[in-house]
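In listed order, ligands and their atoms are each counted from 1. All residue numbers refer to positions in the sequence shown, counting from 1.
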Amino acid sequence: MTTLDTSRAYDVEAVRADFPILRQMHHENVPLVYLDNAATSQKPNCVIEAMDRYYREYNANVHRGIHKLSEEATTEYEAARLKVRKFINAGSKREILFTRGTTESINLVAQTWGRANLKAGDVVVSSVMEHHSNIVPWQILAAEKGFTVRYVPVLPDGTLDLDHLYNLLAKEPIKLVTLMQVSNVLGVVNPVEEVIKKAHEAGALVLIDGAQSVPHMTVDVQAMDVDFFAFSGHKMLGPTGSGVLYGKRALLEAMPPWMGGGDMISSVKLSGSTWNDLPYKFEAGTPAIAEAIGLGYAVDYLNQVGLDNIHAHERDIISYALERLKEVPGLTVYGPTGENKGAVAAFMVQGIHAHDVAQLLDSEGIAVRAGHHCAMPLHEHLGVSATARASFYLYNTHAEVDALIAALHKARKTFKL
Ligand code: 7TS
């Protein structure tokens with residue numbers, strides 16, 4: 001499945017050999033330096049091959065046919081669910097719902113649990129640092145239902161104002177606290193275990209957006225005692241169109257379905273319908289079969305390399321990057337710089353717009369993202385309309401950080417700074 005020798009110390013070159021895209025030239029003769037992993041990760045051969053195999057060898061719909069191909073597709077699709085269950089230590093495969101990604105997972109909670117449980121006078125707590133996918137679904141529903149959404153502020157060091165959150169929890173009954181575990185801009189790792197404990201003590205449920213945590217660190221939803229947990233397959237070496245919503249079984253059982261259609265029903269009569277068991281109640285229609293299978297293989301790969309090894313490698317890379325970024329005059333990195341930072345560095349170079357930084361880096365073969373990173377309220381808080389962002393993953397190297405720094409110096413020269 002991989003050329004990796006897991007008995008050796010972390011071998012980044014062996015990891016890189018599993019990712020075909022990393023061998024390509026970005027422009028004619030500049031090698032690709034891919035530093036946009038918070039947007040989406042690259043895919044290892046085993047994921048690409050698993051999806052290819054599905055289409056070439058056993059393409060069929062799931063949960064329907066009696067024929068061999070359909071049985072094989074169903075087995076692989078459900079095997080992926082079991083792999084995901086184990087990966088985040090959910091108690092049951094019934095608690096693992098396949099979605100198209102974090103966005104769909106959060107919208108599912110808003111449109112089912114939220115629609116059934118939130119009314120005028122209720123309060124939902126989110127934060128200023130959230131990705132739009134954890135702000136807008138609540139705004140849409142709040143406009144209809146008349147509940148209030150409050151936002152936990154961000155402190156100057158880029159961490160959440162936890163005192164503010166705990167005061168809110170002490171002051172008024174909160175129905176739901178919905179927060180990201182790791183910020184896609186600041187990189188800050190929020191202390192979600194502590195937040196969940198305090199929220200539960202105050203009688204609130206908790207949804208955690210794990211889009212930027214699950215790919216990079218061990219997540220145990222049972223130890224965390226989280227109520228809902230959302231993440232995307234494509235940021236953890238899996239394909240786009242794959243994602244997961246974990247929910248505690250009792251909550252999911254009590255929630256009405258969201259989309260209606262095939263597979264989610266137990267029986268349909270013209271006078272009314274009844275719902276299928278979990279997780280199928282929330283998986284209407286033909287699912288993204290190849291994508292779920294691909295995600296299962298991504299989980300296998302992450303397990304093989306080892307999340308602890310990946311986490312340690314990323315800590316090494318981000319620490320090195322933060323040190324070296326200090327060498328670039330006029331460069332500001334946002335967010336914390338210590339242990340509570342994931343492998344994300346959003347920055348500004350004084351005198352150069354973030355989009356120009358990204359374009360100049362691109363001409364050197366370096367892929368970063370520039371803009372508001374779907375976190376406009378956070379950028380408003382930071383007082384900037386856009387940042388450039390380098391985000392790292394298991395295959396990035398010190399040499400790539402060096403290339404980033406050299407290109408940033410070159411960009412400053414181009415702008416005569
Ligand atoms: N939550 C967080 C923390 C994210 O970083 C993202 C995507 C999402 C939710 C949405 O995930 P999706 O898979 O449903 O789109 N973040 C980014 C990013 O930082 N750059 O591009 C996508």
**Asked** Arg100: heavy atom below 4.0 Å from ligand 1, yes or no?
**Response** no

**Message:** Tell me whether Arg94 is salt-bridged to Glu253, with the criterion being a basic N under 4.0 Å from an acidic carboxylate O.
**Reply:** no

**Prompt:** With a 4.0 Å heavy-atom cut-off (strictly under), which part of Asp209 contacts ligand 1: side chain, backbone, both or neither?
**Reply:** side chain

**Request:** Using distance alone, determine whether Glu104 and ligand 1 share an N or O pair under 3.5 Å.
**Result:** no

**Contacts of Asp225 that satisfy salt bridge (Lys or Arg N to Asp or Glu O under 4.0 Å) - sequence neighbours left out** = Lys248

**Prompt:** If you count the atoms of ligand 1 from 1 in the order shown, which ones are under 4.0 Å from a heavy atom of Met180?
**Reply:** 3 (C)

**Message:** Please classify the Ala39 to ligand 1 contact at 4.0 Å (heavy-atom distances, strictly less than): side chain, backbone, both or neither.
**Reply:** both

**Fill in**
of all protein heavy atoms, closest to atom 14 (O) of ligand 1 is Thr103 OG1, 2.6 Å

**Prompt:** Does CD in Gln350 sit with more than 12 non-hydrogen atoms of other residues, nucleotides or ligands closer than 6.0 Å?
**Reply:** no

**Salt bridge flag under 4.0 Å for residues Glu193 and Lys197** = no

**ligand 1 contact on Lys235 by region, counting heavy-atom pairs under 4.0 Å** = side chain

**Message:** Quick test: of every protein heavy atom, which one is nearest to atom 19 (O) of ligand 1, and how far off is it to 0.1 Å?
**Reply:** Arg389 NH1, 2.6 Å

**Message:** For atom 9 (C) of ligand 1, what is the closest protein heavy atom, and at what distance to 0.1 Å?
**Reply:** Ser133 OG, 3.2 Å

**Asked** Are Glu144 and Lys119 close enough for a salt bridge, meaning some N to O gap below 4.0 Å?
**Response** no

**Prompt:** With only distance considered, is His373 within less than 3.5 Å of ligand 1 through an N or O on each side?
**Reply:** no

**Fill in**
the protein heavy atom lying closest to atom 11 (O) of ligand 1 turns out to be Ser232 OG, 3.6 Å

**Lys/Arg cation over aromatic Tyr297: Lys83, 6.0 Å, 45° cone** = yes

**Item:** Pairing of Lys198 and Glu201 as salt bridge, 4.0 angstrom limit
**Value:** no

**Request:** Inspect the contact between Arg369 and Asp36 and indicate whether a charged nitrogen and a carboxylate oxygen are less than 4.0 angstrom apart.
**Result:** no

**Request:** Check ring pair (Phe, Tyr, Trp, His ring centres under 6.0 Å) between His132 and all other residues, then give those that pass, not counting sequence neighbours.
**Result:** His372

**Item:** Atom indices of ligand 1, in the order listed, that fall short of 4.0 Å to a heavy atom of Thr102
**Value:** 9 (C), 11 (O), 14 (O)

**Prompt:** So which of Met129, His131, Gln212 gets nearest to atom 5 (O) of ligand 1, if we judge by its closest heavy atom?
**Reply:** Gln212

**Message:** Between Lys281 and Asp277 (salt bridge meaning N to carboxylate O under 4.0 Å), is one present in this structure?
**Reply:** no

**Asked** Which of the numbered atoms in ligand 1 are below 4.0 angstrom from a heavy atom of Ala38?
**Response** 16 (N), 17 (C), 18 (C), 19 (O)

**Request:** Just need the protein heavy atom nearest to atom 20 (N) of ligand 1, so name the residue and atom and give the distance.
**Result:** Arg369 NH1, 2.5 Å

**Fill in**
A student checking ligand 1 against Asn184 at a 4.0 Å heavy-atom cut-off should list atoms 5 (O), 16 (N), 18 (C), 19 (O)

**Message:** So for Cys374, does at least one of its heavy atoms come nearer than 4.0 angstrom to any atom of ligand 1?
**Reply:** no

**Item:** Arg100 bridged to Glu291 by N-O distance under 4.0 Å
**Value:** no

**Request:** Mark up the atoms of ligand 1 that fall under 4.0 Å of a heavy atom belonging to Ala211, in ascending order.
**Result:** 1 (N), 2 (C), 3 (C), 4 (C), 9 (C)

